[in-house]
Amino acid sequence: MKALLDTHAFIWWVTDDSRLSSTARGVIADEGNVLFLSAASAWEIVIKVRLGKLNLPEPPETYIPSRLTMNRFESLPIQMVHALQVVNLPDFHRDPFDRIIIAQSQVEKMPIVTVDTQVTRYPVDVIW
């Protein structure tokens, strides 16, 4: 299976945070699955670090790529088709990072690993 990690799911996995459900942990740990992190998540992490809302043990420009490699996650770039898909999303969610991740999930036909209940209002599959 292919799946797209929401930003918090990525952070919670790499920091072994207990808020990540056993179901999500099972999906992420399964080496038969291919997990993706959106470029939007990297952007969101960098912004949170700069604003002092997130502390990382090393700079995000080294932390994120190293954790992708360590955990065998793939990077998902934002393509024009992803950005254009946002026009089709109802305004349930105002966060632009979440909106592009939802659009990527729809275009790429991948479930999202998230605990964000707003995401469930969109026609996407969610892994809790």
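Quick caveat, the model's predicted, so the values are computed rather than measured.
- Rounding to the nearest 0.5 Å places NZ of K48 at 9.5 Å from NE2 of H8.
- When atom types are taken as modelled, the side chain of D6 and the backbone of A9 share no donor-acceptor pair closer than 3.5 angstrom.
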### Query
What do the steps show when you test T7 against D98 for side chain to side chain contact (heavy atoms under 4.5 Å, CB included), and what is the final call?
CA-CA 9 Å; T7 307; D98 288 321; 5.7 Å; no

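- Side chain of S41 to backbone of L37: no donor-acceptor contact under 3.5 angstrom is found.
- Between the S105 side chain and the V124 main chain, no donor and acceptor come within less than 3.5 Å of each other.
- Contact annotation: the side chain of T23 never approaches that of W128 to less than 4.5 Å [non-hydrogen atoms, C-beta and beyond].
- The closest donor-acceptor contact from the side chain of N71 to the backbone of F73 lies at 3.5 Å or more, if one exists at all.
- Looking at heavy atoms from C-beta onward, W13 lies out of side-chain contact with V113 at the 4.5 angstrom threshold.
- In this model, no donor atom of one side chain and acceptor atom of the other lie less than 3.5 Å apart for Q106 and H82.
- Under the 4.0 Å criterion applied to side-chain N and carboxylate O atoms, R99 and D91 are assigned as salt-bridge partners.
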### Query
Which is it for S66 and E58 under the side chain to side chain contact (heavy atoms under 4.5 Å, CB included) test, yes or no, and what are the steps along the way?
CA-CA 10 Å; S66 71; E58 58 190 86; 4.0 Å; yes

### Message
Could you go through R25 and D16, starting from their C-alpha distance and side-chain angles, then the distance that decides it, and tell me whether this counts as salt bridge (Lys or Arg N to Asp or Glu O under 4.0 Å)?
### Response
CA-CA 10 Å; R25 285 183 186 283; D16 198 27; 3.2 Å; yes

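- Cluster membership check: I101 shares its hydrophobic cluster with M1, using side-chain heavy-atom separations under 4.5 Å among Ile, Leu, Val, Met, Phe, Trp and Tyr.
- Checked by atom type, the side-chain pair D116/H93 shows a donor-acceptor distance below 3.5 Å.
- In terms of heavy atoms, P77 sits closest to A39 at CA-CB, 4.3 Å.
- Using a 4.5 Å heavy-atom threshold, the side chains of S75 and F36 count as separate.
- In this structure, the ring of F92 has its center less than 6.0 angstrom from the ring center of Y122.
- Considering OG of S38 and CZ of F10, their distance stands at 12.0 Å, rounded to 0.5 Å.
- Atom CD of E74 and atom CG of L4 lie 12.5 Å apart (nearest 0.5 Å).
- If you take CG on L35 and NZ on K2, they are separated by 12.0 Å, rounding to the nearest 0.5 Å.
- Here the rule is side-chain contact (heavy atoms from CB on, under 4.5 Å) with I112, and of I127, D125, I102 only I102 fits it.
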